[in-house]
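Please see the structure below; I have some questions.
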Amino acid sequence: SRAPAISVSAESCIPAGLRLGPVPGTFKLGKYLSDRKEPGPKKKVFSYALPPVFQVRMVRGELVDEAGSSALEWIGLIRAARNSQEQTLEAVADLPGGQIFYRALRDVQPGEELTVWYSNPLAQWFDIPVTATPTHDEKGEERYICWYCWRTFKYPNSLKAHVHFHCALSHGRPFLHHDH
């Protein structure tokens, strides 16, 4: 069994384009992604950047948590985004196979949770599906279906993670789309 999810949120504004990292350890973003948010401990992080309207001071251009720990100590706790609407960060690499960083897609507001998903080039490098096309169930709600095992998901990134990490029937085959 795995540890409960930790919610990492911004204590102050994190500016668009800010890079965090590199991400330490083995990179398996989304391996434990679920369709539902699991409650768990919360951690707040501060953006130490100019201008000083962020109510914090510049400290070596780093993003640090409330205890002053650098991103290397908590970056792996950031949850995978279930869809693009809740995504605040994207995982990027300077070159294929290089170190991985998280980049803020937009200004992240105080109190907002940090969530991350693969950039398209990084997803392609790791053979993670880039797109997922929804179908609609009998209630008219969007659902995402694994075309290998027919398991259904509420969110596109949950399906993508399933296909890459968990679906025994998909391994060794490319991801199929509705038009195939």
Side-chain angles (χ1 to χ4, degrees), residues 1-9 16 19-43 71-72 74-106 108 112-180:
S1 113
R2 58 173 216 213
I6 293 179
S7 173
V8 178
S9 62
R19 279 178 36 142
L20 313 173
V23 178
T26 304
F27 189 70
K28 293 185 178 179
L29 174 62
K31 182 165 183 160
Y32 302 109
L33 183 59
S34 169
D35 268 351
R36 62 189 188 321
K37 276 191 177 178
E38 299 171 9
K42 296 188 183 316
K43 179 177 266 301
L72 289 176
W74 50 261
I75 194 169
L77 303 176
I78 296 172
R79 286 196 239 211
R82 296 173 297 173
N83 58 35
S84 60
Q85 290 77 28
E86 73 179 23
Q87 182 180 353
T88 57
L89 308 170
E90 71 175 347
V92 297
D94 293 329
L95 51 108
Q99 288 185 308
I100 296 168
F101 295 84
Y102 292 166
R103 185 179 66 81
L105 292 171
R106 56 176 172 73
V108 181
E112 195 172 356
E113 182 179 7
L114 301 180
T115 59
V116 63
W117 194 249
Y118 299 82
S119 64
N120 284 347
L122 196 61
Q124 291 170 347
W125 171 256
F126 281 107
D127 199 26
I128 301 282
V130 175
T131 61
T133 305
T135 60
H136 292 84
D137 65 13
E138 60 279 353
K139 296 178 186 174
E141 294 179 12
E142 281 189 351
R143 293 288 181 247
Y144 296 85
I145 300 171
C146 176
W147 294 104
Y148 301 110
C149 70
W150 298 99
R151 186 170 167 195
T152 62
F153 297 88
K154 186 174 180 180
Y155 297 98
N157 292 350
S158 301
L159 168 65
K160 295 172 192 177
H162 163 79
V163 168
H164 182 73
F165 292 109
H166 304 292
C167 184
L169 301 176
S170 73
H171 290 289
R173 292 185 276 170
F175 184 66
L176 295 178
H177 303 278
H178 277 288
D179 53 344
H180 288 109

| Where is the tightest heavy-atom contact between Leu33 and Ser158, given as atom of each residue plus distance? |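 Reported closest heavy-atom pair: CD2-N, 3.6 Å.
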| message | Restricting to salt bridge (charged side-chain N to carboxylate O under 4.0 Å, His left out), what partner residues turn up for Glu112, sequence neighbours left out? | response |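 For Glu112, the residues satisfying salt bridge (charged side-chain N to carboxylate O under 4.0 Å, His left out) (neighbours in sequence not counted) are Arg106.
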| Under 3.5 Å donor-acceptor, His162 side chain and Thr152 backbone |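 Absent.
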| field | From NZ (Lys154) to CG (Asn83), nearest 0.5 Å | value |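 Reported to 0.5 Å precision, the distance equals 10.0 Å.
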| field | Residue pair Tyr144 / Leu159: nearest heavy atoms and the distance that separates them | value |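 What the structure gives for the nearest pair is CB-CD2, 3.7 Å.
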| Check: Thr115 side chain, Glu86 main-chain N or O, donor-acceptor pair, under 3.5 Å |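 Here the side-chain-to-backbone pair exists.
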| task | Check Ala91 against Leu122 and note the closest heavy-atom contact, atom names and distance. | result |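 Scanning both residues, the minimum pair turns out to be O-CD2, 3.4 Å.
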| request: Run the salt-bridge test on Asp94 and Arg19 with the 4.0 Å N-O cut-off and return the result as yes or no. | output: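 Looking at Asp94 and Arg19, the cut-off is met.
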| Which word best sums up how the rings of Phe126 and Phe27 line up, parallel for under 30°, tilted for 30 to 60°, or perpendicular for over 60°? |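 The arrangement is tilted - the two ring planes meet at 30° to 60°.
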| Is there a side-chain contact between Val163 and Tyr148, using heavy atoms and a 4.5 Å cut-off? |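 Answer yes - side chains close enough.
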| field | Non-neighbouring partners of Tyr102 that pass ring-ring contact (aromatic ring centres under 6.0 Å, His included), sequence neighbours left out | value |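 Listed in chain order: nothing, the list is empty.
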| query | At their closest point, which heavy atom of Phe153 faces which heavy atom of Cys146, and how far apart are they? | reply |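 Closest approach of Phe153 to Cys146: CE1-CB, 4.5 Å.
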| Heavy-atom pair of closest approach, residues Gly30 and Trp117 |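 Between these two residues, the closest heavy atoms are CA-CZ3, 4.1 Å.
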| Donor-acceptor under 3.5 Å (Asn157 side chain, Ala81 main chain) |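 Present.
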| said: Determine whether a donor-acceptor pair (N or O, by modelled atom type, separation under 3.5 Å) exists between the side chain of Lys160 and the backbone of Val130. | reply: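 Yes: the side chain of Lys160 pairs with the backbone of Val130.
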| field | Nearest-0.5 Å distance, CG of residue Leu89 to OG of residue Ser119 | value |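 Between Leu89 CG and Ser119 OG, I get 12.0 Å after rounding to 0.5 Å.
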| task | Identify the heavy atoms of Thr88 and Val108 that sit nearest to each other, and give their distance. | result |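 Residues Thr88 and Val108, closest heavy atoms: CB-CG2, 3.9 Å.
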| Ignoring hydrogens and geometry, is there a side-chain-to-backbone donor-acceptor pair from Arg143 to Asp137 under 3.5 Å? |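 Not confirmed, Arg143 side chain does not pair with Asp137 backbone.
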